Amino acid sequence: ELKNDKANSNDFVGNVDVDYKFHFLPDLRLHASIGGEYAEGTQTTIVSPYSFGNNYYGWNGDVTQYKYNLSYNIYVQYIKSLGANDFDIMVGGEEQHFHRNGFEEGQGWDSYTQEPHDAKLREQTAYATRNTLVSYFGRLNYSLLNRYLFTFTMRWDGSSRFSKDNRWGTFPSLALGWKIKEENFLKDVNVLSDLKLRLGWGITGQQNIGDDFAYLPLYVVNNEYAQYPFGDTYYSTSRPKAFNENLKWEKTTITNLGIDFSTLQNRLSGSVDFYRKNTNDLIGQQTIDPTGGFATISTNIGKMRNTGI
């Protein structure tokens, strides 16, 4: 057998929810939850010294990763009906933490000198990273005569992946609905089971850069092609990492106009939607002048529009 890969992983997930109704105001409720995940995994790779890729020396090494995530949120919700008016108001907050760390270690073996070859040491490959997302949000649902529908939401999200000046993003949304079938001029039209007109608008954000500290000037460990020899031993070196302190949220504005319908006592139904999606400050990798020591950098590189039916 020229190569043997074996992996082992463990994953633990837990969550606790609390929901409380206030006795003095039964229309008001409090909901809170906390959840966590812990995972660990190791992949062991053994390569024969008779293999083509690791001829003579072979390889015996491990790649290990640990991660744990924590999230907790709390919100209050008030639901009330006053005649033909229905209200649903909710405000709350949420916090999420993501941590990852790991290392790689292993070596080949020189059978002639009885010494390790091209060893990867834990202290040279160990890494750790983390990111946090904090959110505050609110939502208002209003219905008049169960016919005219209005929803407004607002979110404020703060990501540790951006600098202090660009950390927070504001993301509102608005939705309107009209149940046309409930109008008097269509109520008795039996061939039509349902007819609803929808209009929506909103802004969403994206902060998945792939690097938790793309805005900070940091040093990272070089790869094996940039090691420095002392005698017969090669040591890893460090180098500055490309960074962009002006990096900010990617934002997408979506406008949607749609109609839902059904007929034959809901046996046949369908929807038609028209949407327009405008994305600004797209996050991506931009090629830069390599004389500065870097080939690419994370930045907000442009915008994009999608339209469809």
Side-chain angles (χ1 to χ4, degrees), residues 1-15 34-49 51 53-54 57-72 94-109 115-134 158-163 167 206-230 233-244 247 283-285 293-298:
E1 189 175 54
L2 298 180
K3 186 177 182 180
N4 182 18
D5 271 319
K6 183 172 66 174
N8 181 61
S9 63
N10 297 292
D11 199 343
F12 305 93
V13 179
N15 188 75
I34 181 171
E37 177 189 14
Y38 173 80
E40 59 182 27
T42 299
Q43 178 172 320
T44 301
T45 301
I46 300 175
V47 182
S48 168
S51 68
N54 295 78
Y57 298 107
W59 179 260
N60 188 340
D62 298 321
V63 177
T64 301
Q65 184 181 61
Y66 304 93
K67 72 173 183 178
Y68 70 92
N69 306 324
L70 293 173
S71 66
Y72 34 91
E94 182 178 31
E95 192 165 327
Q96 301 174 75
H97 299 269
F98 306 92
H99 298 256
R100 298 175 303 283
N101 63 84
F103 60 89
E104 182 178 357
E105 58 184 353
Q107 62 184 32
W109 186 256
E115 293 178 345
H117 173 76
D118 197 21
K120 287 187 176 180
L121 305 179
R122 178 172 179 169
E123 57 266 27
Q124 294 175 342
T125 62
Y127 67 91
T129 186
R130 61 175 176 80
N131 69 286
T132 299
L133 183 66
V134 178
S159 172
S160 64
R161 288 175 166 170
F162 302 112
S163 67
R167 185 152 295 168
Q206 201 272 110
Q207 48 99 35
N208 292 324
I209 306 168
D211 184 345
D212 291 332
F213 302 101
Y215 70 94
L216 281 177
L218 300 175
Y219 279 81
V220 295
V221 178
N222 266 315
N223 58 30
E224 62 269 24
Y225 300 107
Q227 295 180 327
Y228 195 85
F230 281 97
T233 304
Y234 285 79
Y235 294 90
S236 297
T237 58
S238 297
R239 60 173 175 82
K241 181 177 71 72
F243 71 99
N244 180 6
L247 197 63
I283 295 176
Q285 294 292 314
F294 311 109
T296 61
I297 190 172
S298 297

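All of these numbers come straight from a predicted model, not from anything done at the bench. For reference, positions follow the sequence shown, starting with 1.
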K.L.:
Does any donor atom in the side chain of Glu95 or His97 lie under 3.5 Å from an acceptor atom in the other side chain?
P.N.:
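Yes, His97 and Glu95 have a side-chain donor paired with an acceptor closer than 3.5 Å.
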K.L.:
From Glu123 CD over to Phe103 CZ, what is the distance, rounded to the nearest 0.5 angstrom?
P.N.:
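Interatomic distance, Glu123 CD to Phe103 CZ, rounded to 0.5 Å: 11.0 Å.
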K.L.:
What I want to find out is whether Glu104 reaches Lys120 closely enough, with some N-O distance under 4.0 Å, to be called a salt bridge.
P.N.:
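Yes, charged N to carboxylate O under 4.0 Å.
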K.L.:
Using 0.5 Å steps for rounding, measure from the OG atom of Ser71 to the CZ atom of Phe98.
P.N.:
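That separation rounds to 7.5 Å.
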K.L.:
Hey, does Arg161 have a side-chain heavy atom less than 4.5 Å from the side chain of Leu133?
P.N.:
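A side-chain contact under 4.5 Å is absent here.
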K.L.:
With sequence neighbours excluded, what pairs up with Gln285 under the side-chain contact (heavy atoms from CB on, under 4.5 Å) test?
P.N.:
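For Gln285, the residues satisfying side-chain contact (heavy atoms from CB on, under 4.5 Å) (neighbours in sequence not counted) are Thr296, Ser298.
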K.L.:
Under a 4.5 Å cut-off applied to non-hydrogen side-chain atoms, are Trp109 and Pro116 in contact?
P.N.:
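Yes, close enough: below the 4.5 Å cut-off.
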K.L.:
Just so I know, are the side chains of Val220 and Arg239 near enough to count as touching, which here means a heavy-atom distance under 4.5 Å?
P.N.:
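They are in contact (side-chain heavy atoms under 4.5 Å apart), so the answer is yes.
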K.L.:
Between Arg100 and Asn131, is there a side-chain heavy-atom distance shorter than 4.5 Å?
P.N.:
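The answer is yes, as the side chains (C-beta and beyond) meet within the 4.5 Å cut-off.
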K.L.:
Between Ser159 and Gln207, which heavy-atom pair has the shortest distance, and what is it?
P.N.:
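Between these two residues, the closest heavy atoms are OG-OE1, 2.8 Å.
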K.L.:
Roughly how far, to the nearest 0.5 Å, is CG of Asn54 from CG of Asn60?
P.N.:
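These two atoms lie 11.0 Å from each other.
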K.L.:
What's the spacing between Tyr219 OH and Thr237 OG1 if we round to 0.5 Å?
P.N.:
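So the OH of Tyr219 and the OG1 of Thr237 are separated by 11.5 Å.
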K.L.:
Less than 4.5 Å apart, any side-chain heavy atom of Glu37 and any of Asp11?
P.N.:
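A side-chain contact exists here, since the closest heavy-atom pair is under 4.5 Å.
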K.L.:
Of the non-hydrogen atoms in Gln65 and Tyr127, which two are nearest, and what is the gap between them?
P.N.:
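Answer, listing the atom of Gln65 first, then Tyr127: NE2-OH, 3.2 Å.
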K.L.:
Donor-acceptor pairs under 3.5 Å, side chain of residues 40-47 to any protein atom, not counting sequence neighbours: which ones?
P.N.:
| residue | atom | partner | partner atom | Å |
| --- | --- | --- | --- | --- |
| Glu40 | OE1 | Tyr38 | OH | 2.8 |
| Thr42 | OG1 | Thr64 | OG1 | 3.2 |
| Thr44 | OG1 | Asp62 | OD1 | 2.7 |
| Thr45 | OG1 | Asp5 | OD1 | 2.5 |

K.L.:
Could you measure the distance from the CG atom of Asp211 to the CG atom of Asn244? Nearest 0.5 Å is fine.
P.N.:
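Between Asp211 CG and Asn244 CG, I get 11.0 Å after rounding to 0.5 Å.
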K.L.:
Report yes if some heavy atom in the side chain of Phe213 is under 4.5 Å from a heavy atom in the side chain of Arg130; otherwise report no.
P.N.:
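When only atoms from C-beta onward are counted, Arg130 and Phe213 do touch, with a gap below 4.5 Å.
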K.L.:
If you count every heavy atom of other residues, nucleotides or ligands that lies below 6.0 Å from Phe294 atom CZ, does the total exceed 12?
P.N.:
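It does: Phe294 CZ has more than 12 such atoms within range.
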K.L.:
Hey, is NZ on Lys241 packed in by over 12 heavy atoms from elsewhere, all under 6.0 Å?
P.N.:
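Yes.
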K.L.:
Can you find a heavy atom in the side chain of Phe243 that is under 4.5 Å from one in the side chain of Leu216?
P.N.:
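No, side chains not in contact.
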